[in-house]
Amino acid sequence: MGKFLTSREENYSQWYNELVVKADLAENSAVRGCMVIKPYGFAIWEKMKDALDQMFKDTGHENAYFPLFIPKSFFSKEAAHVEGFAKECAVVTHYRLRNKADGTGIEVDPDAKLEEELIVRPTSETIIWNTYKNWIQSYRDLPILVNQWANVVRWEMRTRLFLRTAEFLWQEGHTAHATKQEAIDETVQMINVYAEFAEKFMAMPVIMGHKTENERFAGALDTYCIEALMQDGKALQSGTSHFLGQNFAKAFDVKFSNKEGKLDYVWASSWGVSTRLMGALVMAHSDDNGLVLPPKLAPYQVVIVPIYKGEDQYRTVLEAGNKIKDQLKEYGISVKFDMRDTHKPGWKFAEYELKGVPVRLALGARDLENGTIEVARRDTLEKNTYPQEGIAKVVKDLLNEIQENIYQKAFKYRAEHTFSADTLEEFKDILDNKGGFVYAHWDGTAETELKIKEDTKATIRCIPVDNKLEEGKCIYTGKPSAQRVLFAKAY
RNA sequence: CGGGGUAUAGCACAGUCCGGUUAGUGUACCUGCUUUGGGAGCAGGGGGUCGCAGGUUCGAAUCCUGCUACCCCGACCA
């Protein structure tokens with residue numbers, strides 16, 4: 001086992017790249033930096049999307065859709081925003097092609113130049129706030145609680161499947177409020193939704209906190225994030241929620257009459273998670289045999305592999321397998337019964353391990369004789385034989401146990417890779433030799449943060465929301481500090 | 001954008017230095033038989049503008065020139 005995949009120890013990065021491709025999640029496309037998400041990978045994304053969408057709706061949000069293209073001029077209206085995104089924008093300049101005069105192909109028709117270039121959205125604040133201007137006149141029009149599922153484009157220099165691609169899928173919530181406090185509450189509520197999703201569905205523990213000024217979203221007054229620790233000791237930012245203050249309302253002149261009849265600018269939040277969560281999911285739990293999926297997000301939770309010799313056995317195993325499949329379905333378990341005779345059982349075992357199916361049932365002549373079935377769990381690779389009678393209940397309980405177990409495993413890993421450092425030497429030693437999260441004192445200046453990054457490649461992932469105050473000295477400058485912040489090398 | 005590298009079958013690669021039969025190996029694919037409780041075995045078979053364009057030569061995957069694409073390191077990366 002494992003010989004089909006580079007091991008994590010051998011080369012973590014290569015392990016990840018191979019796993020994503022071999023487990024049929026995604027592959028590189030003919031377009032630089034853009035991936036094809038394959039059916040199996042997309043099925044996982046759909047599960048994530050469905051769960052998140054329900055959580056958004058449960059917190060009062062509605063879905064809508066805004067254009068892919070944004071007029072260039074919109075971007076310049078919010079100074080920090082344009083500064084943050086300008087270097088990675090794809091731009092549409094023409095609207096027509098024509099045949100080349102020499103007949104060797106087609107070319108952009110120079111006569112079809114757009115009056116104003118269009119930016120392929122890297123995020124939609126500008127087009128949405130330009131729209132909200134028309135939607136909002138009175139406090140009675142507020143709040144607006146809108147989410148959109150969309151694709152965005154950021155022209156990244158170096159890309160990796162799911163973790164950083166030039167085009168990616170995400171959701172972006174954009175809300176408008178009458179008061180500052182309401183917008184802040186919304187921002188906090190949504191980062192909590194993300195944290196709950198990460199922990200309950202992805203089985204991935206996260207640390208919630210504020211970004212420092214350096215790492216903040218371009219145009220935000222405060223950015224909340226959730227940070228997860230991957231198995232190579234690097235942090236992955238998995239979701240962000242921004243309190244935008246009145247910045248975009250001012251940039252797009254979105255005012256409303258409050259109850260006192262006075263005009264005021266609208267308060268805003270925006271929040272998003274992307275297909276990067278797929279990368280997080282892969283790296284959080286998987287092992288050298290392949291993916292390990294949490295039952296709540298697995299495209300199918302159970303696979304039944306038949307084992308048979310000859311036509312007679314084929315028929316009896318098929319019949320028995322279908323009965324078990326039906327039992328499982330009654331318990332709300334998603335099942336795939338793989339009756340293909342084009343692959344052997346051993347091949348299928350390896351295949352479904354690679355694809356991370358949480359539970360595998362093997363059913364053969366031996367089992368039919370004894371009224372039993374073999375149950376293998378992906379997370380621990382343990383195999384046990386149970387009576388067919390009542391198997392659905394056993395599997396249901398096992399799925400819950402697996403969901404819990406992989407969370408605990410990830411939690412334990414994080415606990416074992418979270419450290420405190422009091423000096424720069426100690427700090428570097430941890431990063432170089434152990435990896436993981438490091439809590440350390442910092443003097444609170446952007447300058448020091450940048451110097452630490454230059455020196456150690458570690459960045460401040462966040463200032464945790466539940467942080468205890470503690471007197472100390474900055475590990476870099478020795479200046480006084482009131483609390484430790486969370487450092488790590490990051491993706 | 002700087003430094004380095006690569007381009008040969010679906011995929012992974014050898015062959016290139018030192019030009020010379022019909023461009024090869026693994027894997028995948030197709031057919032047949034035997035197999036089926038952890039990625040089966042044997043036999044047979046199909047698949048190539050050797051990245052593109054030009055040049056040198058009796059002869060180019062191989063040498064020369066130009067171009068293009070991709071990869072790695074750095075820079076960049078809410």
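When reading the values below, keep in mind they use all heavy atoms of this one structure, side chains included, and skip hydrogens, waters and symmetry mates. Given the structure is predicted, the values throughout are model-derived calculations rather than measurements. All chains are named by letter (A, B, ...) in the order of the sequence lines, taking the proteins before the strands, and each is independently numbered beginning at 1.
Across B:rG19 and B:rC76, the matching C1' atoms stand 44 Å from one another, rounded to whole Å. B:rA23 and B:rA28 have their P atoms separated by 25 Å, given to the nearest Å. Rounded to the nearest Å, the gap between the C1' atom of B:rA7 and that of B:rG51 is 6 Å. For the C1' atom pair drawn from B:rC52 and B:rG3, the interatomic distance equals 25 Å after rounding to whole Å. For the P atoms, the distance from B:rU22 to B:rC50 is 15 Å, rounded to whole Å. Atom name C1', nucleotides B:rG48 and B:rG66: the rounded distance is 25 Å, in whole Å. Taking the C1' atom of each, B:rU56 and B:rC63 are spaced 8 Å apart, rounded to whole Å. The P atoms of B:rA9 and B:rU25 are separated by 14 Å, rounded to the nearest whole Å.
A salt bridge is absent between A:R8 and A:D232; no separation between the charged side-chain nitrogens and carboxylate oxygens falls under 4.0 Å. No salt bridge links A:K453 with A:E449; every basic N to acidic carboxylate O contact stays at or beyond 4.0 Å.
A donor-acceptor distance shorter than 3.5 angstrom exists from the side chain of A:T223 to the backbone of A:F217, with no hydrogens or angles considered. With hydrogens and angles ignored, the 3.5 Å screen pairs no side-chain donor or acceptor of A:T372 with any backbone N or O of A:L368. A donor-acceptor pair is defined here as one N or O able to donate and one able to accept, closer than 3.5 Å; such a pair exists between the side chain of A:E78 and the backbone of A:H81.
Nucleotide B:rU35 holds its C1' atom 13 Å from the CD atom of A:Q313, rounded to whole Å. Between A:R160 atom CZ and B:rC71 atom P there is a gap of 13 Å when expressed in whole angstrom units. In this structure, the CD atom of A:E449 is 12 Å from the P atom of B:rA78, given to the nearest Å. A:R276 places its CZ atom 14 Å from the P atom of B:rC77, with the value rounded to the nearest Å. Atom CG of A:L450 is separated from atom P of B:rA78 by 12 Å (rounded to the nearest Å). Residue A:L5 contributes atom CG, which lies 19 Å from atom P of B:rU27 at whole-angstrom precision. Atom OH of A:Y491 and atom C1' of B:rC77 are 15 Å apart (whole Å). The interatomic distance linking A:K309 (NZ) with B:rU34 (P) rounds to 15 Å, in whole Å.
Distance from the side chain of A:P345 is smallest to B:rU36 among B:rU36, B:rC77, B:rG38. Out of B:rG37, B:rC76, B:rA78, the shortest distance to the side chain of A:T240 is found at B:rA78. Which of B:rG38, B:rU36, B:rC77 sits closest to the side chain of A:K87 comes down to B:rC77. Looking at the side chain of A:A218, the nearest of the listed nucleotides B:rA78, B:rU35, B:rG38 is B:rA78.
Each of A:N28 and A:R154 lies near RNA chain B, and the nucleotide nearest A:N28 is the one positioned closer to the 5' end. Each of A:K457 and A:L363 lies near RNA chain B, and the nucleotide nearest A:L363 is the one positioned closer to the 5' end.
Figure legend. B:rA43 is base-paired to B:rU31; pairs are counted as Watson-Crick or G-U wobble with both atom distances under 3.5 Å. Judged by Watson-Crick or G-U wobble contacts below 3.5 Å, the nucleotide B:rC1 has B:rG74 as its partner. Of the nucleotides present, none pairs with B:rG38 by Watson-Crick or G-U wobble criteria with both distances under 3.5 Å. The partner of B:rU6 is B:rA69, by the rule that a Watson-Crick or G-U pair needs both atom distances under 3.5 Å. The partner of B:rA61 is absent, by the rule that a Watson-Crick or G-U pair needs both atom distances under 3.5 Å. B:rA14 makes up no base pair with any nucleotide shown, lacking Watson-Crick or G-U wobble contacts both under 3.5 Å. Look at B:rU21: it lacks any Watson-Crick or wobble partner with both distances under 3.5 angstrom.
Residue A:E156 is in sugar-phosphate contact alone, with no base atom involved, counting any heavy-atom pair closer than 4.0 Å across all strands shown. Note on A:A365: a base of the nucleic acid sits closer than 4.0 angstrom, heavy atoms only. Contacts of A:D367 with the nucleic acid, taken as non-hydrogen atoms under 4.0 Å apart, include base atoms. Across all strands, A:Q237 comes closer than 4.0 Å only to sugar-phosphate atoms, never to a base (heavy-atom distances). Residue A:K22 is classed as having no contact, given no heavy-atom separation below 4.0 Å to the nucleic acid. Nucleic acid contact class of A:K211 (heavy atoms, under 4.0 Å, all strands): none. Residue-level contact check: A:F85 touches the bases, meaning some heavy atom is under 4.0 Å from a base atom. Nucleic acid contact for A:R360: base, since at least one base atom lies under 4.0 Å from a heavy atom of the residue.
Between the side chain of A:K344 and the base of B:rG37 there is no donor-acceptor pair of N/O atoms closer than 3.5 Å.
With 3.5 Å as the limit, one finds no donor-acceptor pair spanning the side chains of A:T165 and A:T159.
Centroid-to-centroid, the aromatic rings of A:F487 and A:Y439 stay 6.0 Å apart or farther.
Remark: A:E401 engages A:R377 in a side chain to side chain donor-acceptor pair (under 3.5 Å) (not counting sequence neighbours).
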